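Owing to the predicted nature of the structure, the values given are computational and were not obtained by experimental measurement.
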Amino acid sequence: FFFSSRRRHTRSSLVSWARRCVQETAPSLVQEFVDGSIKHSYANFGKIPYGSVLAGRVFYFPNNTNGCNKFEGAILDREGDPDQEFSPIVIMERGGCTFVRKARNVQELGGALTIVVDNRDYSSPESLIMIDDGTGTSIAIPTILISKEDGKKIMKAVQATEAENLPPGALKKFVIVLVDFLMDKPDDRVEYDIWYDSINPRALNFVSEMRPFNTRLGKHALMTPHILVWKCHSCSMEEIARNCIGQLPNIYCSPPMSNTGITGKDILRAGVLEMCIYQAYQNISNADKWWDYMNYLREYCNGTSFSKECTEKGLHRINVDKKLIQPCVSEEEKMLNQERKSLENAQIPYFPAIVINNRIYRGALEAENVFKGICAGFNATPDVCFEDYEMSTQTRRSTGGIGTGAIIAIVVGVLVFNIIIIFCYRRYARKEMKDELQLQISTIMAQYRAMTDKREAVSYTHLTLPTKAQVQISVVAVSLKRT
């Protein structure tokens, strides 16, 4: 179950509880893991509850070992749950279907966490990434990958406890997993980076949604944008001319936007312009100018609507001083070189991406969830991190009743509005479907490019992920109830 600062429970109290259970009731299972913890990686989908703790009983279903089938007829009973909050955890083997499908089946069953056990010997889960298959937006629970060796220990322990024939009055045993979703907390200001393709629709949508949260954080957080600059290992001279800036061997590239006529060179120069706006106005304490410009791009120059003329109109619309940004724009290769070096140092495995306090954020790329991750990165959490809860409570309290006449008027208005919407929708549905398909393809390709090898035309040398754990997992086998 999830503990947050809204609850009376605290992380330290739950961790202390788990440690006490380890010492008093089940030292044997815990001793099989170094320091009682498990190495892991977690998915690039679902909502990761940073700064919270989850603890629950582990369930394993031998008739659906890889979790690819729906858990029809399966029961997650409350017996053995360590707290009043019901939070069952389902463990399964890797393979047979996508990670998203496994998580969806667990979510539909009512599980709070999915643990996937790798199917390869001697693998390091910390260097593996569970990528969204394009349908993970509906997943609300976290998913974690652990090694085959560690997974076998847990599954064996679960099966052993379920197979025990206990005499009357004996203690029934369960396997409990404690997950502490940690975020590095160096000081009282969080620094976070947004890595994105300069005209990627998904990235522009996220930036727009993130703006009010960034405003709320104010001086408590520092946001830095970064654009993606790739190496082109085996491009032809024609491809370099269209999609790269610079001269061999120092060239900076970006893939073109498929079927649009927008070249990689166009995308790079759009990104340089965005970075120059950020740097110029950040220096004079007007960081809102970058947010204004990015919002304009989202509204008017998004994806296939992008053009140089559109960006020029944007500069005029938000009143950007061209003389202020011109020195930066004129040194585009210097900017691109800095961004590519930053990309190599950051070791980003997928895009768009968020880095909080030098740690790669995992989970669904949703502004509210990223905001919670940022709030988990403070030594002393500021009040702004709790305002959303207070505001929602006040809104609920202030909501009054609605008269019958008003209800009738609303119903009639809704019917008329729906007729108009249906008429209009038929006219632009085909265009919307095309844009949505382009967005999905761009998102998947961005993730693919980040992990492809040097044989691809446009690729980025894959770097090993940091080995320091972002989530601490403890395993506890604990006796909780007499049979």
Side-chain angles (χ1 to χ4, degrees), residues 193-204 206-207 224-280 290 293-294 296-298 300-315 320 322 325-346 348 350-353 438-439 441-443 445-450 452 456-461:
D193 303 333
I194 302 177
W195 289 88
Y196 67 100
D197 245 334
S198 58
I199 60 172
N200 180 283
R202 185 185 180 206
L204 293 176
F206 169 77
V207 169
T224 304
H226 290 282
I227 59 173
L228 305 181
V229 183
W230 305 90
K231 295 179 180 178
C232 203
H233 296 289
S234 55
C235 289
S236 65
M237 294 305 296
E238 181 181 356
E239 290 172 324
I240 291 175
R242 295 183 71 250
N243 301 316
C244 303
I245 291 175
Q247 300 293 326
L248 290 171
N250 298 316
I251 59 171
Y252 311 96
C253 306
S254 178
M257 184 172 285
S258 304
N259 303 318
T260 63
I262 300 173
T263 67
K265 189 175 292 186
D266 294 332
I267 295 172
L268 288 172
R269 288 194 167 132
V272 168
L273 182 58
E274 293 159 19
M275 291 298 299
C276 288
I277 292 173
Y278 170 81
Q279 291 186 3
W290 180 84
Y293 182 70
M294 297 301 290
Y296 179 89
L297 292 182
R298 174 180 177 270
Y300 302 103
C301 311
N302 195 333
T304 55
S305 300
F306 172 81
S307 67
K308 184 176 180 180
E309 292 74 17
C310 186
T311 60
E312 286 292 330
K313 288 180 181 178
L315 296 177
V320 172
K322 291 186 178 181
I325 65 173
Q326 185 55 39
C328 172
V329 173
S330 63
E331 296 184 331
E332 61 181 9
E333 289 188 35
K334 179 180 178 181
M335 172 68 73
L336 294 172
N337 184 54
Q338 291 174 350
E339 289 301 291
R340 188 164 70 188
K341 287 182 178 179
S342 297
L343 178 63
E344 292 171 350
N345 292 333
I348 309 293
Y350 49 80
F351 305 98
Q438 178 65 45
L439 172 58
I441 292 173
S442 299
T443 299
M445 287 303 297
Q447 295 183 7
Y448 173 75
R449 287 197 300 268
T452 190
E456 298 298 329
V458 179
S459 64
Y460 159 58
T461 305

Measuring from [X]:[atom1] to [Y]:[atom2], what's the distance to the nearest 0.5 Å?
X      : Y      : atom1 : atom2 : value
Ser254 : Asp197 : OG    : CG    : 5.0 Å
Ile199 : Arg298 : CD1   : CZ    : 15.5 Å
Arg242 : Ser236 : CZ    : OG    : 9.5 Å
Leu268 : Met335 : CG    : CE    : 12.5 Å
Arg340 : Asn250 : CZ    : CG    : 7.0 Å
Ile277 : Thr311 : CD1   : OG1   : 9.0 Å

Original post:
Cys253 and Cys244: sulfurs closer than 2.5 Å?
Top reply: yes
Original post:
Are the side chains of Arg269 and Ile245 in touch, meaning some heavy atoms are under 4.5 Å apart?
Top reply: yes
Original post:
Is there side-chain contact between Pro225 and Trp290, with at least one heavy-atom pair below 4.5 Å?
Top reply: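 Yes, side chains in contact.
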**OP:** Please test Leu273 against Leu315 for side chain to side chain contact (heavy atoms under 4.5 Å, CB included), starting from the C-alpha separation and ending with a verdict.
**Re:** CA-CA 10 Å; Leu273 182 58; Leu315 296 177; 4.2 Å; yes
Subject >> Asn337 side chain vs Glu333 backbone, donor-acceptor pair below 3.5 Å >> reply: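 Pair absent, no side-chain N/O of Asn337 close to backbone of Glu333.
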Subject >> Asn200 side chain to Ala203 backbone, donor-acceptor under 3.5 Å >> reply: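 Yes; at least one donor-acceptor contact below 3.5 Å.
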Nearest non-hydrogen partners of [X] and [Y], listed with the distance:
X      : Y      : value
Val229 : Leu343 : O-CD2, 3.4 Å
Ser198 : Glu274 : O-OE2, 3.1 Å
Ile325 : Ala280 : CG2-CB, 3.9 Å
Lys265 : Ala241 : NZ-O, 2.8 Å
Val329 : Val272 : CA-CG1, 4.5 Å

Original post:
Do Ser342 and Asn345 have side-chain N/O donor and acceptor atoms under 3.5 Å apart?
Top reply: no
Original post:
Which is it for Ile267 and Ile227 under the side chain to side chain contact (heavy atoms under 4.5 Å, CB included) test, yes or no, and what are the steps along the way?
Top reply: CA-CA 10 Å; Ile267 295 172; Ile227 59 173; over 6 Å; no
Original post:
Does Lys231 come within less than 4.0 Å of Glu344, counting only side-chain N to carboxylate O?
Top reply: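 So Lys231 pairs with Glu344 through a salt bridge.
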**OP:** Fit a plane to each ring of Tyr296 and Tyr300, take the angle between them on a 0 to 90° scale, and name the class: parallel (under 30°), tilted (30 to 60°) or perpendicular (over 60°).
**Re:** tilted
Original post:
Parallel, tilted or perpendicular: which fits the ring planes of Trp195 and His226, with parallel below 30° and perpendicular above 60°?
Top reply: parallel
**OP:** Please step through side chain to side chain donor-acceptor pair (under 3.5 Å) for the pair Thr263 and Asp266, ending with a clear verdict.
**Re:** CA-CA 5 Å; Thr263 67; Asp266 294 332; 3.1 Å; yes
Subject >> side chain to side chain contact (heavy atoms under 4.5 Å, CB included) assessment of Phe306 paired with Thr260 >> reply: CA-CA 9 Å; Phe306 172 81; Thr260 63; over 6 Å; no
